[in-house]
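To keep things clear, I will list the structure first and then write my remarks on it.
No experiment lies behind these values; they were computed from the predicted model shown.
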Amino acid sequence: QVQLVESGGGLVQPGGSLRLSCTASGTIWTMDPMAWYRQAPGKQRELVATITISSGSTSYADSVKGRFTISRDNAKNTVYLQMNSLKPEDTAVYYCAAKLGATYWGQGTQVTVSS
């Protein structure tokens with residue numbers, strides 16, 4: 001059983017930054033890919049970013065390209081999402097996901113971008 005725990009969400013002003021963390025219960029070398037999703041109020045869940053753990057190869061939704069960066073620290077079994085230049089439309093619950101045969105999900109962390 002894989003457990004994923006997100007942290008780092010909170011309230012920030014437009015233009016501000018947050019770094020989300022997702023720590024896995026086991027080595028992330030076996031979890032490939034890992035990803036961040038988000039779900040805003042009244043909207044469907046969307047894929048934000050993915051990372052291939054072995055190579056570090058990344059991909060991003062067009063809406064966050066140039067502003068968000070996904071990365072990993074294999075020694076800490078952690079994946080990060082650095083979010084810069086935040087906009088109100090980035091407000092959502094952010095979920096970490098990992099593929100290990102099946103797909104596993106964290107509990108989510110709230111990000112609110114507001115003045």
Is it possible for you to say whether [X] and [Y] belong to one hydrophobic cluster, with membership spreading through side-chain heavy-atom contacts below 4.5 Å?
X	Y	result
Val48	Val93	no
Val113	Tyr95	no
Leu47	Trp105	yes
Leu86	Leu81	yes
Leu20	Tyr60	yes

> Salt bridge check: are Asp90 and Lys87 linked by an N-O gap of less than 4.0 Å?
Replying inline: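 Not counted as a salt bridge, because no side-chain N and carboxylate O are separated by less than 4.0 Å.
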
For the student: nearest non-hydrogen atoms of [X] and [Y], plus distance:
X	Y	answer
Tyr80	Asp73	CE1-CB, 3.9 Å
Ser54	Trp29	CA-CZ3, 3.7 Å
Cys22	Trp36	CB-CZ2, 3.6 Å
Gly8	Leu18	O-CD2, 3.7 Å

> Do Thr23 and Thr78 have a side chain donor and acceptor closer than 3.5 Å?
Replying inline: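 Judged by distance alone, the side chains do pair up.
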
Using modelled atom types only, decide if a donor and an acceptor are shared between the side chain of [X] and the backbone of [Y] within a distance under 3.5 Å.
X	Y	result
Gln107	Glu6	yes
Thr52	Pro33	no
Asn77	Ala24	no

>> Counting neighbours of CD on Glu46 that are heavy atoms of other residues, nucleotides or ligands and sit closer than 6.0 Å, is the number greater than 12?
In response: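 Yes, enclosed.
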
Mind checking the [atom1]-[atom2] spacing from [X] to [Y]? Nearest 0.5 Å is all I need.
X	Y	atom1	atom2	result
Met31	Arg72	CE	CZ	14.5 Å
Ser21	Leu4	OG	CG	12.5 Å
Ile70	Thr58	CD1	OG1	7.5 Å
Gln110	Leu11	CD	CG	9.5 Å
Arg45	Arg38	CZ	CZ	13.5 Å
Ser57	Asp32	OG	CG	9.5 Å

> Is the Tyr94 ring parallel, tilted or perpendicular to the Phe68 ring (thresholds 30°, 60°)?
Replying inline: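 Aromatic pair Tyr94/Phe68 classed tilted.
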
